[in-house]
Participant: 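Below is a structure I'd like to ask you about.
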2 protein chains.
Amino acid sequence: MSHHSGAQRLDRDQELRERIRACALARVTEGGFAALTMQALAEDVGIATGSLYRHFRSKGELAAEVFADASQREVEALAAVLRASGRPSARLAAGLAQFAARAWSSRRLAFALIAEPVDPQVDEQRLLYREAYAELFVELLEEGVAAGEFRVPHSGLVAACLVGAIAEALIGPLSPPARAAREAGYLSQDLGDVSQSLITFCLRAVGAEEPQP
Amino acid sequence: MSHHSGAQRLDRDQELRERIRACALARVTEGGFAALTMQALAEDVGIATGSLYRHFRSKGELAAEVFADASQREVEALAAVLRASGRPSARLAAGLAQFAARAWSSRRLAFALIAEPVDPQVDEQRLLYREAYAELFVELLEEGVAAGEFRVPHSGLVAACLVGAIAEALIGPLSPPARAAREAGYLSQDLGDVSQSLITFCLRAVGAEEPQP
């Protein structure tokens, strides 16, 4: 009997933990990590702030889990395109277009994941996930070199360059000041421009033929 | 008399503040932001930890100032090469080679500046300094386009891509695990490889002719 209720309690704990993560992700999607305060989150979940701390020791720990959940989804979405069939250069272009479009459709979350200043625990996850992205590109680069489509001296380094270029290209257009400028009509940069510039940059950088306009 | 001693006191405060920043930079150069604790720093400077907090409200504030001091030096060193005379593509290559070489000669500091997980105040400075680097590249890209050497659709976005590529290319080779692997003989990546791969990547990406080997 006591064993049984212990198991039930573990299930309930697990369920509550999942609910907290889902509410936390909703907050970050809406207002970035700046909107993820333990107090506001406890209210969303409908529990006391103290109970929240029984599940996550600190805001940094929670933020790092939210980051990992959201980033894992992006890595998988990119992997699906990069590993699809077709020529490596076409897959690279399609992967970049999809990555930019997904960021564009959830700008606040994308900025939070890529660059929002936040706890060092999130910075640590950023380093790990950038390696995960780089590994996907290494795979594709090596396939492209084998197919004679890419000319790449060192796939590990070039993959890192791609990851950095993609992230940095999006930071400016996604950043809150850019959004304000766009809404006020000062900035006309749209997804098509950003996506196309990024694709051209990356295809050239890996020595692929540029796509015909 | 009281005015006079007030001025003296301001001078002394200013002098002590400078000394704290210099000691803090020495710590970060040696062991990264991880080595920058208020207690150890107070010992280096020879003051009480409490006095340190009279000059810098928090470790984050101090870390952000150390970051800005060190980054400003790097921006100026890069600007000197990118704005020198010569063809824009040669200046781009020289700037990249110098940037990598400077990072290589002070790896721990370079990793701290580029990617070490640390207080959000430093992340904020990182965003600002990346814009400063991007502005230097915008200048050079526009010169190169005018000279017919570069083909760049959107200099702002391409400059951001360059900044991201450069930073990310260096993170791996500079990171503490990479250093351990190199020292143990598992990793042979040297400055020449990294620098040459980065130059090739960037020159191709901006549509410049590749340098002859």
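Proteins get letters first, then strands, A, B, ... in listed order; numbering begins at 1 in each.
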Participant: Mind listing the closest non-hydrogen atom pair of B:Pro153 and A:Ser197 along with its distance?
Facilitator: CG-OG, 4.1 Å

Participant: Using a cut-off of under 4.5 Å for heavy-atom pairs, which of A:Pro120, A:Ala205, A:Ala115 has the most such pairs with chain B?
Facilitator: A:Ala205

Participant: Sub-4.5 Å heavy-atom contacts with chain A: which residues of residues 121-147 of chain B show up?
Facilitator: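 B:Asp123, B:Glu124, B:Arg126, B:Leu127, B:Arg130, listed by number.
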
Participant: State whether the number of non-hydrogen atoms from other residues, nucleotides or ligands found under 6.0 Å of A:Arg17 atom CZ is greater than 12.
Facilitator: yes

Participant: Taking side-chain contact (heavy atoms from CB on, under 4.5 Å) as the test, write out the residues that go with A:Ser195, two or more places apart.
Facilitator: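 Expected list: A:Ala97, A:Ala100, A:Leu191, A:Ile199.
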
Participant: Quick one: which residues of residues 38-56 of chain B reach chain A at under 4.5 angstrom, heavy atoms only?
Facilitator: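 Checking residues 38-56 of chain B against chain A gives no residue, so none.
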
Participant: Going by residue number, which parts of residues 154-170 of chain A are within reach of chain B, meaning a heavy-atom gap below 4.5 Å?
Facilitator: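 The stretch touches chain B at A:His154, A:Leu157, A:Val158, A:Ala160, A:Cys161, A:Leu162, A:Val163, A:Gly164, A:Ala165, A:Glu168, A:Ala169.
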
